[in-house]
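Here is the structure we will look at.
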Amino acid sequence: MKILFPVLMLLVFLGFHIGIYFFFIKQIVKPSTSRRVLKYFLVFNFFGVVLYFFGRYFVDLPQSLYFLASLSIGVGFVLFVVMLLYQALSLIVKLLVIFFPKFSKGRRGFFQNSLNVTSGIFALGYLGFGVAEAKFGPVVEKVKILLNGFEGKMTAVQISDLHIGGLIEENVVGKIVAEANALKPDFIVLTGDIVDTEISKVPKAIDALAQLEAPLGVYFILGNHEYFHGIAPLLDVLKSKGIIVLENDCVLLEKEEAKLNLAGVYDLFGRRINALEPNLEEALQKRIPTCPLVLLAHQPKFALEVKEKHNVDLILSGHTHGGQIFPFSFLVKLDQPYLKGLYQHSPKTQIYVNRGTGFWGPPMRILSKAEITYFEFSSA
């Protein structure tokens with residue numbers, strides 16, 4: 001299972017690079033020498049993608065080399081998007097010729113040349129903007145949630161999709177932990193894909209994560225990426241650090257008159273390997289029926305399994321990264337019903353999807369800033 005994901009991703013990026021050369025580079029670059037240089041650049045970039053996945057899942061790489069390898073993923077995706085945009089605009093130019101035959105050859109050439117130059121500039125700007133936006137780190141999103149049958153007030157912080165490992169090390173984790181603690185929440189939830197490497201490789205980052213503080217506890221659920229690296233050692237370490245793991249389980253949180261059920265399920269990925277599968281009925285067995293319930297489920301599409309009979313007031317999810325690099329969000333929407341932010345899933349149930357506190361793959365974000373979410377719960 002560990003090797004399947006990187007192999008599939010390598011095949012996808014191989015297709016990206018082939019398309020970039022034949023449908024973008026070869027069409028806009030006429031001098032043979034320049035075209036050859038760019039071809040070799042694409043080959044080099046693809047080997048950077050290969051190196052990234054080896055560094056992520058199989059071998060340890062120096063941080064500087066890993067950073068360059070991770071950028072290869074961003075370059076491949078950005079150029080693929082620009083290639084698609086270029087082909088769409090080129091089609092428009094061709095349609096102008098068909099529908100307006102008197103359109104002069106000189107004007108057609110001017111538009112085509114302008115398109116070629118603009119596409120190159122756009123690709124560079126697109127890449128630079130993505131790196132800069134990711135470098136700024138997460139923003140704090142403050143969200144007020146009204147809960148039926150809730151008395152008093154309670155606050156929480158959600159951290160999701162941190163992807164510790166690779167470029168997310170103890171210095172990054174330490175800054176995020178400091179930001180979360182400064183909000184002084186009553187409890188903290190970690191909604192999956194927090195650790196994306198073997199736990200033995202990131203002891204300092206886990207020590208930094210364990211500095212999260214909240215009077216009602218810090219709670220963790222599995223995301224799909226945790227399944228790739230050995231779950232049992234990870235859960236043992238987290239539990240030893242005082243982090244409470246919700247494994248198809250529910251706890252009652254109390255602060256003066258405020259009472260809240262907090263439940264958490266395993267990730268849907270468990271069904272692919274027939275182990276640690278999510279079970280909502282089991283997770284809700286310990287609930288207190290008179291108190292509202294917040295459910296932690298890594299993937300937003302788990303909401304499709306939540307029915308009115310379950311009386312779930314709020315689902316907290318992550319997984320999507322809000323698309324991370326626009327327009328990847330459109331592909332995410334093909335798999336997940338909700339992308340980012342707060343939605344009314346049903347008359348009873350709301351769902352909030354965190355955009356991710358870290359990043360996966362390239363250190364880039366475009367139109368989807370990383371976030372730490374701060375919730376204020378009060379009576380409806």
Side-chain angles (χ1 to χ4, degrees), residues 4-30 34-57 66-94 112 114-135 161 163 166-167 319-336 339-340 355-356 359-369:
L4 179 61
F5 178 74
V7 168
L8 289 175
M9 292 304 297
L10 285 175
L11 290 174
V12 169
F13 275 92
L14 178 61
F16 280 6
H17 283 70
I18 291 173
I20 291 164
Y21 178 72
F22 285 101
F23 298 103
F24 185 50
I25 300 298
K26 199 171 182 180
Q27 295 186 19
I28 71 170
V29 180
K30 301 305 178 185
S34 300
R35 190 190 306 167
R36 190 178 302 113
V37 169
L38 289 172
K39 180 171 69 174
Y40 290 145
F41 168 77
L42 286 177
V43 172
F44 177 80
N45 193 76
F46 178 71
F47 277 107
V49 175
V50 174
L51 187 63
Y52 169 82
F53 282 103
F54 269 92
R56 189 70 174 182
Y57 296 101
Y66 188 84
F67 175 77
L68 293 174
S70 67
L71 279 179
S72 297
I73 289 192
V75 170
F77 181 76
V78 165
L79 289 180
F80 182 73
V81 170
V82 174
M83 180 270 289
L84 294 177
L85 183 61
Y86 173 81
Q87 287 296 322
L89 295 175
S90 292
L91 178 61
I92 293 175
V93 173
K94 292 175 182 177
Q112 189 64 55
S114 298
L115 176 60
N116 294 347
V117 173
T118 303
S119 297
I121 296 173
F122 177 72
L124 292 174
Y126 192 16
L127 183 62
F129 178 80
V131 172
E133 187 159 305
K135 189 174 180 62
D161 300 272
H163 291 278
L167 298 177
H319 185 66
T320 67
H321 294 214
Q324 185 165 322
I325 302 176
F326 181 84
F328 190 72
S329 51
F330 292 114
L331 294 180
V332 175
K333 284 288 288 180
L334 296 177
D335 181 56
Q336 300 291 333
L339 182 65
K340 56 185 176 181
R355 296 190 300 267
F359 53 79
W360 180 88
M364 296 175 58
R365 279 186 171 269
I366 296 176
L367 302 183
S368 180
K369 292 182 178 180

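What you see below is based on every heavy atom in this structure, not just the backbone, and it leaves out hydrogens, waters and symmetry mates. Start at 1 with the first residue, then count along the sequence.
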Taking the side chain as everything from C-beta on, heavy atoms only, tell me whether M364 gets closer than 4.5 Å to F359.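 Heavy-atom side-chain distance check fails, nothing below 4.5 Å.
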
Residue pair S368 / I325, side-chain heavy-atom distance below 4.5 Å: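 Answer no - side chains too far apart.
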
State, to 0.1 Å, how close [X] and [Y] come at their nearest heavy-atom pair, and which atoms those are.
X	Y	value
M9	F53	CB-CZ, 3.3 Å
S329	G322	CB-O, 4.1 Å
S72	G48	OG-CA, 3.5 Å

Between atom [atom1] of [X] and atom [atom2] of [Y], what is the distance when rounded to the nearest 0.5 Å?
X	Y	atom1	atom2	answer
I73	Y52	CD1	OH	5.0 Å
T118	Y86	OG1	OH	11.0 Å
F22	K39	CZ	NZ	8.0 Å
R355	K369	CZ	NZ	8.5 Å
L51	F54	CG	CZ	9.0 Å
L89	L84	CG	CG	11.0 Å

Given H321 and F328, is the side-chain contact (heavy atoms from CB on, under 4.5 Å) satisfied, shown in steps? CA-CA 10 Å; H321 294 214; F328 190 72; over 6 Å; no

Relative to the ring of F13, is the ring of F16 parallel (under 30°), tilted (30 to 60°) or perpendicular (over 60°)?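 Judged by the thresholds at 30° and 60°, the geometry between F16 and F13 is perpendicular.
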
Can you list, pair by pair, the side-chain donor-acceptor contacts under 3.5 Å of residues 74-82, counting residues two or more places apart and other chains?
none

Residue of the set F46, F47, F44, Y40 for which ring-ring contact (aromatic ring centres under 6.0 Å, His included) holds with H17: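 Checked F46, F47, F44, Y40 against H17; only one passes ring-ring contact (aromatic ring centres under 6.0 Å, His included): F46.
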
Under 3.5 Å, is there a donor-acceptor pair between the side chain of Q336 and the main chain of T320?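 Absent.
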
